[in-house]
Amino acid sequence: MKLGLFASLFIAATLMVGCSGVKTPKAKMADHDEDHDLPAVDQTIIRMKQDYIKNCYMPVAKREPPENSCQTELFQMLERRYHSDYSQKQVDMAANDLFFKDVDKELRNLAKSDIEVRRSLRNGTFESINDMIAYYRDAYKFETK
């Protein structure tokens with residue numbers, strides 16, 4: 001009887017420790033040199049990342065059942081790649097892939113609509129829109145340590 005109680009307590013403690021170890025990623029302004037300082041892009045990515053962390057990343061990292069399409073998509077990617085035994089580092093990697101698909105679309109729209117972004121592409125700050133997207137993908141990637 002005592003052994004069963006001990007085993008149950010051990011399992012419960014293990015689950016609590018596993019869930020409490022999830023760190024919330026930050027959505028903060030990246031450091032840029034003067035040429036790469038595009039406030040419209042930074043504000044867009046930060047806003048999108050804050051929403052993504054709250055509505056998608058954290059529920060999946062905490063292993064809560066998916067409640068929306070974003071969580072389902074992230075969870076399914078993790079399941080395909082790592083099965084049910086995924087770590088937060090693996091959530092970071094999968095989130096980078098999925099989150100930046102949406103960022104890609106937004107940045108392409110900004111390149112068409114925002115004068116400052118278009119100017120940075122024309123003036124050679126970035127070689128192409130793909131170069132700009134790669135730069136911001138690296139600057140705003142998910143990294144929890």
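Index from 1, following the sequence. A quick note: this is a predicted structure, and the numbers were derived from the prediction, not measured.
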For [X] against [Y], the heavy-atom pair lying closest together:
X: T144; Y: T24; value: CG2-C, 4.5 Å
X: R63; Y: S84; value: NH1-O, 2.8 Å
X: P65; Y: Q71; value: O-OE1, 3.8 Å
X: A27; Y: I46; value: O-CG2, 3.7 Å
X: A94; Y: L74; value: CB-CD1, 3.7 Å
X: I53; Y: P59; value: O-CD, 4.1 Å

[atom1]-[atom2] distance between [X] and [Y], expressed to the nearest 0.5 angstrom:
X: N96; Y: E143; atom1: CG; atom2: CD; answer: 8.0 Å
X: M77; Y: Q90; atom1: CE; atom2: CD; answer: 12.5 Å
X: I45; Y: D102; atom1: CD1; atom2: CG; answer: 12.0 Å
X: F75; Y: E64; atom1: CZ; atom2: CD; answer: 12.0 Å
X: K49; Y: K141; atom1: NZ; atom2: NZ; answer: 10.0 Å

Is there side-chain contact between [X] and [Y], with heavy atoms separated by less than 4.5 Å?
X: L38; Y: Y136; value: yes
X: D42; Y: D37; value: yes
X: E116; Y: P39; value: yes
X: M93; Y: Y82; value: yes
X: R118; Y: I115; value: yes
X: D104; Y: K101; value: no
X: R108; Y: I133; value: yes

Ignoring hydrogens and angles, tell me if any N or O in the side chain of [X] forms a donor-acceptor pair with the backbone of [Y] under 3.5 Å.
X: Y140; Y: A30; answer: yes
X: T125; Y: L121; answer: no
X: R81; Y: Y86; answer: no
X: Q88; Y: K23; answer: yes
X: E73; Y: C70; answer: no
X: N55; Y: D51; answer: yes

Within the 6.0 Å centroid threshold, strictly below: H36 and F126: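 So the answer is yes for these two rings.
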Aromatic contact, F142 with Y52 (centres under 6.0 Å):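 Between F142 and Y52, the centre distance is under 6.0 Å.
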Exceeds 12 heavy-atom contacts within 6.0 angstrom, atom CG of N123: yes
Over 12 non-hydrogen atoms of neighbours within 6.0 angstrom of CG in D85: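 No, CG of D85 has 12 or fewer neighbouring heavy atoms, counting only those of other groups under 6.0 Å.
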Donor + acceptor pair across side chains of Y57, D92 (<3.5 Å): yes
Single hit among R122, M132, K112 for side chain to side chain contact (heavy atoms under 4.5 Å, CB included) with V117: M132
salt_bridge(R137, D97) N-O dist < 4.0 Å: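 The answer is yes: the pair qualifies as a salt bridge.
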